[in-house]
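Here's the structure, in structure tokens; my notes come after.
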Amino acid sequence: MTAGEGPRNADEMLRAAAGRADELAAPGLSPRPRRKVAVLACMDTRIDLFPMLGLRRGDAHIIRNAGGLATDDAIRSLSISQRLLGTDEIVVVMHEGCGLHGASEDAFAAALAADGVLPTWRLGAFQDVEATLRDSLARLRSSPELPARTHVRGLIFDPEDGSLREVDAPAR
Ligand code: ZN
């Protein structure tokens, strides 16, 4: 990188993809998720969803946002996933050590306001990861945008020890 130029990740990414088209191509692979599942997860860098959940390309829709929260836009994507692309199961993944855990809704809003912005969305800060996940599951289970609301499960990943646990696992 030369002085005065910004980060060059996009250039590196193009280089990484160059010449690998054969590997990256998915000719004939359906855009409809093979396993009929959509995963809503936090965008945290430590969550490597495909190996963690045993997923392969083509298996699932992956929707990520800060927190893995059931926001309006997450529900938009899940609605499309179900209504247009045939998924009927949702798995929500939150995690320990999330950046939103204990963050300040007020300080974030104040920083935005200082820049003249009053967004319609909220930061989504929370104090209790399990309670927040339960709230998200409850919202999804009561969202008529989603025709398939029977199979909605919530998992919490701990990036320190690699464990993945379910919140309120259904009785078997
Ligand atoms: Zn997070």
Side-chain angles (χ1 to χ4, degrees), residues 6-7 9-10 12-13 16 33 35-57 59-82 85 87-146 148-171:
N9 271 294
E12 287 186 25
M13 290 167 179
R35 290 173 59 175
K36 294 187 165 191
V37 62
V39 177
L40 169 61
C42 184
M43 66 186 188
D44 191 280
T45 57
R46 297 164 294 179
I47 305 174
D48 198 355
L49 283 173
F50 280 80
M52 184 173 91
L53 301 178
L55 293 172
R56 292 181 303 146
R57 177 160 64 158
D59 279 349
H61 278 145
I62 306 294
I63 299 147
R64 301 190 74 161
N65 64 25
L69 303 177
T71 60
D72 288 351
D73 196 64
I75 290 172
R76 178 184 71 89
S77 294
L78 291 167
S79 184
I80 292 162
S81 177
Q82 292 198 350
L85 291 161
T87 66
D88 58 11
E89 184 176 358
I90 298 170
V91 175
V92 183
V93 179
M94 293 185 71
H95 66 103
E96 303 292 353
C98 189
L100 291 179
H101 195 165
S104 169
E105 200 74 50
D106 290 346
F108 197 78
L112 286 166
D115 284 337
V117 190
L118 294 171
T120 54
W121 43 267
R122 291 167 51 80
L123 174 61
F126 58 84
Q127 299 301 325
D128 181 327
V129 64
E130 294 194 6
T132 303
L133 181 51
R134 284 192 188 96
D135 288 347
S136 280
L137 299 178
R139 180 169 185 198
L140 296 174
R141 287 170 182 148
S142 63
S143 294
E145 297 93 324
L146 310 172
R149 303 194 292 275
T150 308
H151 303 292
V152 180
R153 309 266 292 267
L155 314 178
I156 296 177
F157 175 63
D158 185 342
E160 295 303 316
D161 65 11
S163 62
L164 184 66
R165 70 182 191 275
E166 178 160 19
V167 166
D168 300 338

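- Distance CD/Gln82 to OG1/Thr87: 4.5 Å, rounded to 0.5 Å.
- Among residues two or more places apart in sequence or in another chain, the side-chain contact (heavy atoms from CB on, under 4.5 Å) test is passed with Ser143 by Ile75, Arg139, Glu145, Leu146.
- In this structure, CE on Met94 lies 9.5 Å from CD1 on Ile47, to the nearest 0.5 angstrom.
- Taking every heavy atom of both residues into account, Phe126 and Cys98 meet most closely at CZ-CB, 3.8 Å.
- Here the CG atom belonging to Leu100 is positioned 9.0 Å from the OG1 atom belonging to Thr132, to the nearest 0.5 angstrom.
- Going from atom CD1 of Ile62 over to atom OG of Ser77 covers 12.0 Å, rounded to the nearest 0.5 Å.
- Annotation: side-chain contact (heavy atoms from CB on, under 4.5 Å) contacts of Asp59 (sequence neighbours excluded): Arg34, Arg35, Leu55, Arg56.
- Within the 4.5 Å cutoff, no side-chain heavy atoms of His61 are placed close to those of Ile80.
- The backbone N or O of Leu69 lies less than 3.5 Å from a partner atom in the side chain of Asn65, making a donor-acceptor pair.
- For Asp73 and Thr71, the side-chain atoms include no donor-acceptor pair closer than 3.5 Å.
- With hydrogens and angles ignored, the 3.5 Å screen pairs no side-chain donor or acceptor of Arg153 with any backbone N or O of Leu137.
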Which side-chain N or O atoms in residues 114-125 pair as donor and acceptor under 3.5 Å with protein atoms at least two apart or in another chain?
none

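- How far CG of Leu155 is from NE2 of His95: 13.0 Å, rounded to the nearest 0.5 Å.
- When the side-chain hydrogen bond (donor to acceptor under 3.5 Å, both in side chains) test is applied to Arg141, no partner is found at least two apart in sequence or on another chain.
- Evaluation of the side-chain contact (heavy atoms from CB on, under 4.5 Å) rule for Glu160 yields Arg46, Asp158 as partners, not counting sequence neighbours.
- Residues Val92 and Val167 have side chains not in contact (no heavy-atom distance under 4.5 Å, counting atoms from C-beta outward).
- Scanning both residues, Ala38 and Ile63, for their nearest heavy atoms gives CB-CD1, 4.4 Å.
- With sequence neighbours excluded, the residues that form a side-chain hydrogen bond (donor to acceptor under 3.5 Å, both in side chains) with Arg165 are Glu96, Glu130.
- For Pro33 against Ala60, the heavy-atom pair with the smallest separation is CB-CA, 3.8 Å.
- To the nearest 0.5 angstrom, Asp168 atom CG is 8.0 Å from Leu133 atom CG.
- Between Phe50 and Arg57, the closest heavy-atom pair is CE2-N, 3.9 Å.
- Taking all atoms of both residues into account, the shortest heavy-atom contact from His101 to Asp128 is NE2-N, 4.1 Å.
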